[in-house]
Amino acid sequence: MDYPSTVAALVSLNGGRMVGKTRLQKTVYLLKECGIDLGFDFDYHHYGPYSEELSIASSDAVALGILNLEWHNAYGNEYAVFSVAGAGPASVNGLGAEAAAMLKILGQYDATVLELAATADFLEKNGYADNAWEETERRKASKVTPTRVKNSKKLLEELRSL
Amino acid sequence: MEATFNHSRVGFDLIDLSVHVYRAIDSATPRICRFCMPKRQRVRDPLHDLIEFDGSDFESLMWEALNAREFQRLRRVKQLGFCELVYPGASHTRFAHSVGVFHTARQLSSVVKNQVHKFDLERAQVAMAAALLHDLGHGPFSHSFEDALKSLDKNKPKKHKRHELWTSEIVDGDTEVGEVLKRGGKDFRAEVAKLLINEVPTDIYAAIVSSQFDADRLDYVRRDRMMTGAQHGGFDYPWLLANLEVDRIPFSIDDDHIGEAESLILGEKAFQAAESYVLGLFHMYFAVYFHKATRSAEKLLSAIIRRIGELCDSGEVEKSGLTDSHPIVKFIRSRSLADYLALDDFVIWASLGLLTVGEDEICSELSSRLLNRRLYKAIDIGNKFAGREDARVRFKGKLQEAMSKGEFGPIDVFEDQPNRTPYKLRGYETPEAMSKIHIRKPDGTYEDLANRSDVVKALQAKSMYRVYVRTDEIGEHVQKLAEGL
């Protein structure tokens, strides 16, 4: 599996740009859980489901020059902005119309909502089937608000209904 | 939280909790309660010298927690795993480190007390308890064991738990230490467990447990340096401590602003001390934590555990030399807390002798190598292609291709690309704002140390990628792959 090209192809399908490493991680996780498996394995990290392979692949894609990485600043913190370099990569298996539809939905929500949705989904499948949201709130007290939880649940419903 | 020490049931009225003076109900004469006589406990520590548990209700409770079986298990888990194969003195345990972290957390608590208008003793005690217990969930040879389980669980729906989650489960579960914490008050145990699992500090007390200057890091950097004998990595700890201040810092996820959190920052007079601290940590990473021999041993253990797991999956575990009732086999199958707590470094070392005489050639060879320190040699590809990241990535591709073509056997080569960095300017793995050292400016505001220090800024340049090889011939094959890139 050519992981760096896969990451570049995903960014290309996302309109040639993706804002934030958290968004990249949670996007690939949620795609996988909704049936579009790009080959990255996830386990639970500080921020919820996380793939070290994906983190390395995105760095490798930048090193190979097929992905650009810029750092922007907001509220005193820096965040990554990925964009495809040149004409972009060739298409990758699994990244078709269905993935594009999911990316469109994901793009309507902010990174925090993606993180909460991905975390609750992971917990539901890993020992918290009955209280995934309660556990998400316990672990992410500083990020959880009623509105964000509502939006996260809505996001999962939209993705699962595709 | 409610006080749980009920003196009336033994015929005493509480007069002064802080000094444990009581009066018998039928007497006017105050006296020391013979049931709750403050008993000072002392630990002699190589780093901090005398660490005292002062006999107060809270510290007596912490002493009890320390004596719980789950905490005593940490005597059998080395702080630095295989590091003693390189630095023979580095045989210190997570037990000693945890006691040191508690001591450091008390010092940080004093710093906070002097900095805030209204000090919350209960929150500080939750933080100090969390500091003492933060390592309870470490398995044997922490990272290599976790890596093996992660690899075993690849493409399986259920995933292994990282040690932080085990810690929280031990504190919150049906355990001796959990029973002790229940006596700390109605919500005490739940608050400790919550703090241990919370990813972003919610207040300044949480920063004692999780920040750039948390008690864990302030202990391990100094302790590991002392015990390895490494002479680099030193920094001015008293000065750093004396210049810690409390402030609010913003945090966000990508471009989404979340809010602000209280954290520890440094006063401007600690600029050089802060540089030394970061530089010291950086040196420790490369000289100690990422030492090629240590990492090679970790790769061998990971491969052994992975192999045992594969044999478990295929119903052939007896070929490994271990029986169904062996603690490693039991845990791989059950993943239960009880079986996890039965594992420690001693269990692993003792299993190697059994594995060497087992029928399975992979287990046998790797165990024999580990037992006798016949480690795989490291080829430093990252160094070979320093400044040429594209060539390094192309090499990885060539190696993967060669492996998929069957040019290497299953245990001929192990790749190693550690992703931990000593000072994270930016990143994903740790909360963005919490991963920085903030230092006060003359105008009263603060900024990221990396913006003021060229030394710290430059530390980001070094990345690591090594390949460990089974034989010299395989090493030559790997070297050839690197030619012409």
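So that the names make sense, note that chain A is the first sequence line, chain B the second, and so on, each numbered from 1. In this text the structure is predicted, and so the values were computed from the model without any measurement.
Partners of D216(B) by side chain to side chain contact (heavy atoms under 4.5 Å, CB included), not counting sequence neighbours, listed by chain and number: H97(B), V101(B), H134(B), D214(B), Y220(B).
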So L165(B) and R139(A), side chain to side chain contact (heavy atoms under 4.5 Å, CB included) or not? Walk me through it. CA-CA 10 Å; L165(B) 299 178; R139(A) 294 184 187 192; 3.5 Å; yes
Side chain to side chain contact (heavy atoms under 4.5 Å, CB included) for K143(A) and D256(B)? Distances and angles first, verdict last. CA-CA 11 Å; K143(A) 297 173 183 172; D256(B) 189 18; over 6 Å; no
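Separation of atoms CD1 (I253(B)) and NZ (K140(A)) is listed at 6.5 Å; rounding is to 0.5 Å. A distance of 8.0 Å separates CG in D60(A) from CD in E389(B), rounded to the nearest 0.5 Å. Residue D448(B) holds its CG atom at 8.0 Å from CD of E78(A), rounded to the nearest 0.5 Å. Note that CZ of R162(B) and OH of Y44(A) are 10.5 Å apart. Values are rounded to the nearest 0.5 Å.
Residue R392(B) touches chain A through its side chain alone, counting heavy-atom pairs closer than 4.5 Å. Of the two parts of A193(B), the backbone and the side chain both hold a non-hydrogen atom closer than 4.5 Å to a non-hydrogen atom of chain A. The part of F42(A) that comes within reach of chain B is its backbone (N, CA, C, O), which places non-hydrogen atoms under 4.5 angstrom from that chain. Of the two parts of E135(A), only the side chain, counted from C-beta on, holds a non-hydrogen atom closer than 4.5 Å to a non-hydrogen atom of chain B. When heavy atoms are compared at a cutoff of 4.5 Å, E164(B) approaches chain A solely by way of its side chain, counted from C-beta outward.
Around CD of Q108(A), the count of heavy atoms belonging to other residues, nucleotides or ligands within 6.0 Å exceeds 12. Residue K104(A) qualifies as open at atom NZ: its count of foreign heavy atoms under 6.0 Å is 12 or below. Within 6.0 Å of CZ in R17(A) there are 12 or fewer heavy atoms belonging to other residues, nucleotides or ligands. Counting non-hydrogen atoms of neighbouring residues, nucleotides and ligands closer than 6.0 angstrom, the CG atom of N73(A) exceeds 12 such neighbours. By the neighbour-count criterion of 12 heavy atoms within 6.0 Å, atom CD of E98(A) is sparsely surrounded, having that number or fewer from other residues, nucleotides or ligands.
Taking each heavy atom of G127(A) and K158(B) in turn, the nearest pair found is N-NZ, 4.0 Å. Taking all atoms of both residues into account, the shortest heavy-atom contact from R148(A) to H257(B) is NH2-O, 3.9 Å. Listed here is the closest heavy atom pair of E53(A) and K154(B): OE2-NZ, 2.6 Å.
Within the 4.5 Å cutoff, side-chain heavy atoms of R138(A) are placed close to those of S168(B).
Per-residue counts of heavy-atom pairs under 4.5 Å with chain A were compared for V393(B), D153(B), D390(B); the largest is that of V393(B).
Within residues 394-403 of chain B, the residues that have a heavy atom under 4.5 Å from a heavy atom of chain A are R394(B), K396(B), listed by number.
Without hydrogens or angle criteria, D254(B) side chain to K21(A) main chain gives a donor-acceptor distance under 3.5 Å. Distance alone, capped at 3.5 Å, is enough to place a donor-acceptor pair between the N126(A) side chain and the K159(B) backbone.
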